[in-house]
Structure formats: C-alpha cells, structure tokens
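One structure is given below, encoded as structure tokens.
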Amino acid sequence: MLTKNISKLIKNFSIEVMPRTLGKLENIENLWPKNTRVYIAHLEGTTIEDMLVTAKRIKSASFIPMPHFPARIIKDNIVLEDWINRYSEIGVNEALLLAGGVDRPLGNLSNSMELLSTGLFEKYGFERLNVAGHPEGNKDIDPNGSDVNVMNALKWKQDYSKDTKAKISIATQFLFESKPVIDWANKILSNGITLPINIGIAGPAKLQTMIKFAIACGVGPSLRVLERRAKDITKLLFPFEPTNILTELADYKESNSNTNIEGIHFFPLGGIEKSSDFIKNINTAQYTD
C-alpha cells in the first residue's frame with residue numbers, strides 16, 4: 001500500500017549501475033530525472049577505461065556520476081591518484097569509497113579511511129565522498145558479531161568530514177525490513193554520528209534472483225522476508241517489489257523529523273529499466289491517504 005510520504009522519501013533517490021549492464025541500453029536519457037546521482041560499481045576485473053566511458057555517458061545524459069573506489073583492488077597510491085585525476089579531467093567530483101569485496105588487498109590500501117587519509121580526493125577537488133553502511137552488521141569488519149569497529153570507523157569519518165570540506169553521506173547495503181535499519185540509524189545517532197543515511201533498497205526482481213543476490217552480498221536477518229515469501233508457491237512467479245519497506249521507512253521519516261535517514265539508494269537487481277519504471281510508477285501513483 002502506497003502512502004503520500006513515499007514519493008517524498010525517494011524524491012532525490014540515487015541508483016547503482018555496472019558498466020556492462022548500462023552499456024547494453026541504447027538510450028539512458030529518460031531513465032531518471034536530470035541530476036539523479038548514479039553510482040558506478042567498480043568490480044574486480046572492470047577496467048578504469050570502462051569506468052571512465054560509463055562516467056562520461058552518465059554525465060552527458062545530465063546525471064551525476066559517482067564511481068566506486070574499492071580500496072582492495074587499487075594497487076597503490078600512484079594508481080589511486082591516476083584514477084582520481086582521470087575522473088577529475090572529465091568533470092567527476094564525487095565518489096563512493098569502500099573496502100571492496102575481495103579477501104586480500106592488491107596493495108597497501110584496504111579500507112575507505114585509508115583512501116581518505118591520502119588527501120588525494122581533496123587535492124583534485126572531490127566534493128562529495130560517500131561511504132558504505134551496514135545496518136545488519138559486517139563480519140569482515142567485526143568478526144565477533146559486534147559493531148565496535150564499524151562504529152569507530154563511522155566516528156572517524158564524521159570527524160574527517162568536520163575537519164575538511166568533504167560532504168560525506170552513508171549509502172547502506174540493501175535489506176528487506178525497515179526495523180533493522182531504523183534501529184541502526186537511531187543507534188548511530190545516539191552515538192553522535194549525524195552523517196546522512198541513504199538506505200539501500202533492492203529494485204523489483206524475480207524472487208529467485210533477489211535471494212541469489214541477497215546471499216551473495218551477505219544480507220543479514222532481513223533475508224527472512226524473502227524466505228517467507230518463497231514458501232508461498234503462488235508468489236514465485238511474480239517479481240518482488242520493495243513497496244512495503246519503502247512505505248514503512250517513508251512514514252517513519254515523516255513522523256521523526258530528527259532522523260538522519262535522508263533518502264533511498266536503489267540496487268536494480270532485476271534490471272535497470274525495471275527499477276526505473278518502478279520509481280516512475282511510485283511518483284505517478286494515486287495515494288491512499
């Protein structure tokens with residue numbers, strides 16, 4: 001069920017793409033509103049040349065490219081500076097900094113704090129430097145299941161934002177229930193971390209596809225939402241849509257003006273066009289209240 005608040009929540013949404021999937025689409029100009037922030041996933045094996053081509057295309061379509069910088073696949077500071085410089089030369093001044101999904105770092109960089117500490121993003125005029133958030137925990141960072149290291153890292157990044165000109169926001173891993181991310185947002189706020197949060201939401205996809213990506217990406221307890229749905233054989237043929245979680249988050253934000261939940265970051269697991277159509281349908285829906 002849609003409410004009038006859901007459109008407000010997704011008004012300034014962002015969305016994530018991969019060079020190879022975006023490259024399959026002939027026309028992208030009408031996918032999203034102008035100035036939509038488009039994150040570009042830099043997976044292991046993707047070349048910087050492919051990333052730059054994708055960033056140029058996104059920018060030429062009047063969107064804002066935000067390429068990933070996964071620390072663990074960057075060989076050293078020389079390579080890092082080369083990438084930053086090349087993005088800067090085509091007018092890119094935003095980035096998502098993260099550790100990356102490989103077990104062993106390729107070089108001397110292993111996390112977003114080390115990327116920030118180089119000072120290279122400031123040197124080349126990058127204004128927005130977003131970081132990853134993990135509402136359901138991250139066993140790579142806190143193997144014992146706590147959130148001590150994650151919390152300390154967020155405090156460090158907030159201090160960095162205060163001490164520099166960098167505008168830092170959090171983009172979270174996608175999940176399927178509103179309560180875990182609301183509780184997490186409240187917890188980090190109670191710890192003095194006021195960085196804005198953009199909540200990761202998986203766009204419409206077949207249930208089997210959604211479950212596959214969720215397991216591969218390490219989604220936590222909220223995976224039970226999909227597991228419960230999978231038990232109903234009548235629903236297996238229909239795509240899973242994130243309407244419930246979006247509505248709950250939107251209503252919560254409307255009722256809690258002090259929350260640091262800012263907006264939504266979509267992962268188009270079922271395809272870029274499907275997610276784009278879903279967003280457009282929300283914005284043109286007839287609301288129930």
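Residues: numbered from 1 along the sequence shown.
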| query | Hey, are the side chains of I245 and S178 touching, using non-hydrogen atoms and a 4.5 Å cut-off? | reply | yes
| field | Any side-chain heavy-atom pair of I64 and V38 under 4.5 Å | value | no
| message | Are T243 and F278 packed together at the side-chain level, in the sense that at least one heavy-atom pair is separated by less than 4.5 angstrom? | response | yes
| field | Gap separating the CD1 atom of I28 from the CG atom of L22, nearest 0.5 angstrom | value | 5.0 Å
| Taking all atoms of both residues into account, what is the closest heavy-atom pair of R128 and S169, and its distance? | NH1-OG, 3.3 Å
| request: Give the C-alpha distance, both sets of side-chain angles, the deciding distance and a yes or no for salt bridge (charged side-chain N to carboxylate O under 4.0 Å, His left out) between K56 and E89. | output: CA-CA 10 Å; K56 286 180 183 178; E89 287 178 343; over 6 Å; no
| Over all atoms of both residues, closest heavy-atom pair of A71 and N111 | CB-N, 3.4 Å
| message | Could you measure the distance from the CD atom of E177 to the CD1 atom of I182? Nearest 0.5 Å is fine. | response | 10.5 Å
| message | Can you see whether S62 engages E29 through a side-chain donor-acceptor pair at a distance of less than 3.5 angstrom? | response | no
| field | Connected hydrophobic set around M18, excluding itself, where side chains approach under 4.5 Å | value | L43
| request: Determine, stepwise, if the pair K59 / I90 fulfils side chain to side chain contact (heavy atoms under 4.5 Å, CB included). | output: CA-CA 9 Å; K59 190 171 178 62; I90 62 172; 5.7 Å; no
| Between E16 and G200, is there a donor-acceptor pair closer than 3.5 Å when you use the side chain of the first and the backbone of the second? | no
| request: Would you indicate whether K165, at its atom NZ, is surrounded by more than 12 heavy atoms from other residues, nucleotides or ligands within a distance under 6.0 Å? | output: no
| Mind checking whether T259 and L189 have side chains closer than 4.5 Å, heavy atoms only? | no
| What pair of heavy atoms forms the shortest contact from P105 to S110, and how long is it? | CG-CB, 3.9 Å
| Trace of the side chain to side chain contact (heavy atoms under 4.5 Å, CB included) decision for L115 with I74 | CA-CA 10 Å; L115 292 173; I74 301 173; 4.2 Å; yes
| message | If you count every heavy atom of other residues, nucleotides or ligands that lies below 6.0 Å from K155 atom NZ, does the total exceed 12? | response | yes
| message | Tell me whether V92 shares a hydrophobic cluster with V53, the cluster being built from Ile, Leu, Val, Met, Phe, Trp, Tyr side chains joined at under 4.5 Å. | response | no
| task | Indicate yes or no: at least one non-hydrogen side-chain atom of I84 is less than 4.5 angstrom from one of F69. | result | yes
| query | Can you tell me how far CG of N256 sits from CD1 of I261, rounded to the nearest 0.5 angstrom? | reply | 8.5 Å
| message | Given I170, which partner from the list I199, N198, V131, N130 fulfils the side-chain contact (heavy atoms from CB on, under 4.5 Å) test? | response | V131
| task | Can you see which heavy atom on I272 is nearest to which on P268, and at what distance? | result | CA-CB, 3.9 Å
| Counting only N and O atoms by type, is there a donor-acceptor contact under 3.5 Å from the side chain of T36 to the main-chain atoms of P33? | yes
| request: Anything under 30° is parallel, anything over 60° is perpendicular, the rest tilted; go ahead and classify F267 against H265. | output: perpendicular
| Hey, would you say the W156 and Y160 ring centroids sit under 6.0 Å apart? | yes
| request: Mind telling me whether Y39 and H68 have parallel, tilted or perpendicular rings, with 30° and 60° as the class edges? | output: perpendicular
| Distance from L31 atom CG to D277 atom CG, nearest 0.5 Å? | 8.5 Å
| Parallel, tilted or perpendicular: which describes the rings of F121 and F126, with under 30° parallel and over 60° perpendicular? | perpendicular
| message | Whether the side chain of R72 engages the backbone of V102 through a donor-acceptor N/O pair (distance < 3.5 Å, no angle test) should be reported. | response | yes
| Does one hydrophobic cluster hold both F266 and L98, with members joined at side-chain heavy-atom distances below 4.5 Å? | no
| Is it true that L246 and I15 fall in one hydrophobic cluster, defined by side-chain heavy atoms closer than 4.5 Å? | yes
| task | Starting at CG of L154, measure out to CE of M151 and round the result to the nearest 0.5 Å. | result | 6.5 Å
| field | Any W83 side-chain heavy atom under 4.5 Å of H42 side chain | value | yes
| remark: Scanning both residues in full, the closest heavy-atom pair of P204 with S275 reads CD-OG, 3.8 Å
| field | Intermediate values then yes/no, side chain to side chain contact (heavy atoms under 4.5 Å, CB included), N108 and D76 | value | CA-CA 6 Å; N108 64 311; D76 51 36; 3.8 Å; yes
| I73 with L96, same ILVMFWY side-chain cluster at under 4.5 Å | no
| message | Would a single hydrophobic cluster contain both M66 and Y87, if residues Ile, Leu, Val, Met, Phe, Trp and Tyr are joined by side-chain heavy-atom contacts under 4.5 Å? | response | no
| Does S161 use its side chain to pair, donor to acceptor, with the backbone of K157 at less than 3.5 Å? | no
| task | May I ask you to test the P19-M51 pair for a side-chain heavy-atom distance under 4.5 Å? | result | yes
| Any side-chain donor near an acceptor of the partner, D251 and N5, under 3.5 Å | yes
| query | Could you give the distance from CH2 (W184) to CD1 (I197), rounded to the nearest 0.5 Å? | reply | 4.5 Å
| Minimum heavy-atom distance L116-L129, with the two atoms named | CD2-CD1, 3.7 Å
| Exceeds 12 heavy-atom contacts within 6.0 angstrom, atom CG of N30 | no
| message | Check this for me, if you would: do E49 and R86 make a salt bridge, where the nitrogen-to-carboxylate-oxygen distance has to be below 4.0 angstrom? | response | yes
| field | Side chain to side chain, I6 and T247, heavy atoms closer than 4.5 Å | value | yes
